[in-house]
Structure formats: structure tokens, C-alpha cells
Amino acid sequence: MTKANDKAGDTISASGQIDARIAELTDWRGAALAKVRAIIKQADPEVEETWKWRGVPVWEHAGIICTGETYKSAVKLTFAKGASLPDPAGVFNSSLDGNTRRAIDIHEGDAIDEAALTALIRAAVALNTAGKKK
């Protein structure tokens, strides 16, 4: 688990840092990030939360599943191996031209397709764990 020091020098867990990020986002972005986090944790109870690249929430299971970046106009879930994942519901709407990653940009007022996101999370975990088995 990735940890960092807060201003007082205390160690904060990655989950604690994600909690803090959600709390500091007092608009729709905090609610959206909290919702996708809950969906991810429900889809994969063994998911590990990490904090990388100076402030990006990351969810991992046998490798990176996705990141949760926040911008002024979007919450972006970037799937590390998204180009290899089935997306029958068509929820990927960003980073579609790359050979590896795919992303979902969530904007204010967007509905989150929980079933489709759950399926993507589970497919990403299956892909990550398939590569780790002998």
C-alpha cells in the first residue's frame, strides 16, 4: 500500500488520501469519485487502493485496473489495459485512439452505468490475473 506523509509528518494510507481527495472536492466531482470508488470496491472486494504520481488514486489487483483523475470539468477513469477489454455497453468515451489505455470521462450530470462499469472492472481483474497465473 502506498503511503505518504501529511503536513504534520504523519503517515497517511492510500485509502486515507483518497478519502481526503473526495472530501476536498466539495462539488459533483467528489460525489462522482466516491461513487465510482464504491462501484470498484464492490466489483472487486480484493482491490488495493494506491496513491501514485503525486496525487492520483489508483485501484490495483495483480496490476493496475484503473486510475481516478479529477479535472475541472471531468472525473476520468483510465483503464491501464482498456483497449484489451470488452466494452459492449460502449462506456469508454475517451483515449480511444491508443493501443493500450481507454478512459471514461464523467461530466457533471452524467449517469454512471453501474452494471457496465462493474463488468469492466471484473474484466480488467480477469485480464490482470490471467497474466499472473502459470
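Remember, predicted model here, so these are calculated numbers, not experimental data. FYI, side chains are in, hydrogens and waters are out, and symmetry mates aren't considered; it's all heavy atoms of this structure.
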Q.
What's the separation between atom CD1 in I106 and atom OG in S73, rounded to the nearest 0.5 Å?
A. 12.0 Å

**Q.** Exceeds 12 heavy-atom contacts within 6.0 angstrom, atom CG of D27
**A.** yes

Q. Taking all atoms of both residues into account, what is the closest heavy-atom pair of I40 and C66, and its distance?
A. CD1-SG, 3.8 Å

Q. Picking from K41, R37, K35, what satisfies side chain to side chain contact (heavy atoms under 4.5 Å, CB included) with I39?
A. K35

Q.
Same cluster or not: V47 versus V36, using hydrophobic residues (I, L, V, M, F, W, Y) connected whenever any side-chain heavy atoms lie under 4.5 Å apart?
A. yes

Q) Counting N and O atoms only, with roles assigned by atom type, does the side chain of R29 sit under 3.5 Å from a partner on the main chain of H107, one being a donor and the other an acceptor? A) no

Q. Is there a path from L77 to V56 through hydrophobic residues (I, L, V, M, F, W, Y) whose side chains come within less than 4.5 Å of each other?
A. no

Q: Could you check L96, I64, T67, T78 and say which one makes a side chain to side chain contact (heavy atoms under 4.5 Å, CB included) with R101?
A: T78

Q) Does one side chain, of S94 or K76, offer a donor that lies under 3.5 Å from an acceptor on the other? A) yes

Q) Going from CG on L120 to CZ on F79, what distance comes out if it is rounded to the nearest 0.5 angstrom? A) 5.0 Å

Q. Does a donor on one side chain sit under 3.5 Å from an acceptor on the other, for D44 and H61?
A. yes

Q. Taking R122 for the side chain and A43 for the main chain, is one N or O donor matched with an acceptor at less than 3.5 Å?
A. yes

(Q) I need the E114 CD to I121 CD1 distance, nearest 0.5 Å. (A) 12.0 Å

Q: Looking only at non-hydrogen atoms, find the nearest pair between A62 and N128 and report the distance.
A: O-CB, 3.5 Å

(Q) To check you understand the geometry: which heavy-atom pair defines the closest contact between A80 and T100, and what is its length? (A) O-CG2, 3.1 Å

Q. Which atoms form the tightest heavy-atom contact between T70 and L33, and what is the distance?
A. CG2-CD2, 4.1 Å

Q: Taking all non-hydrogen atoms of both residues into account, name the closest pair between D113 and A89 and its distance.
A: OD2-CB, 4.2 Å

Q. What distance separates K72 NZ from E108 CD, expressed to the nearest 0.5 Å?
A. 14.5 Å

Q: Evaluate the criterion salt bridge (charged side-chain N to carboxylate O under 4.0 Å, His left out) for residue pair K52 and E60; output intermediate values, then yes/no.
A: CA-CA 11 Å; K52 296 185 178 190; E60 301 186 53; 3.1 Å; yes

Q) Should we say atom CD of E24 is surrounded by more than 12 heavy atoms from elsewhere, each under 6.0 Å from it? A) yes

(Q) Is it the case that the side chains of E49 and W59 hold a donor-acceptor pair, with the cut-off being a distance below 3.5 Å and no angle test? (A) yes

Q) Of all heavy-atom pairs between G98 and A83, which one has the smallest distance, and what is that distance? A) O-CB, 4.3 Å

Q: Indicate yes or no: at least one non-hydrogen side-chain atom of I112 is less than 4.5 angstrom from one of L117.
A: yes

Q. Quick one: do L25 and V58 end up in the same hydrophobic cluster if we chain Ile, Leu, Val, Met, Phe, Trp and Tyr together by side-chain heavy atoms under 4.5 Å apart?
A. no

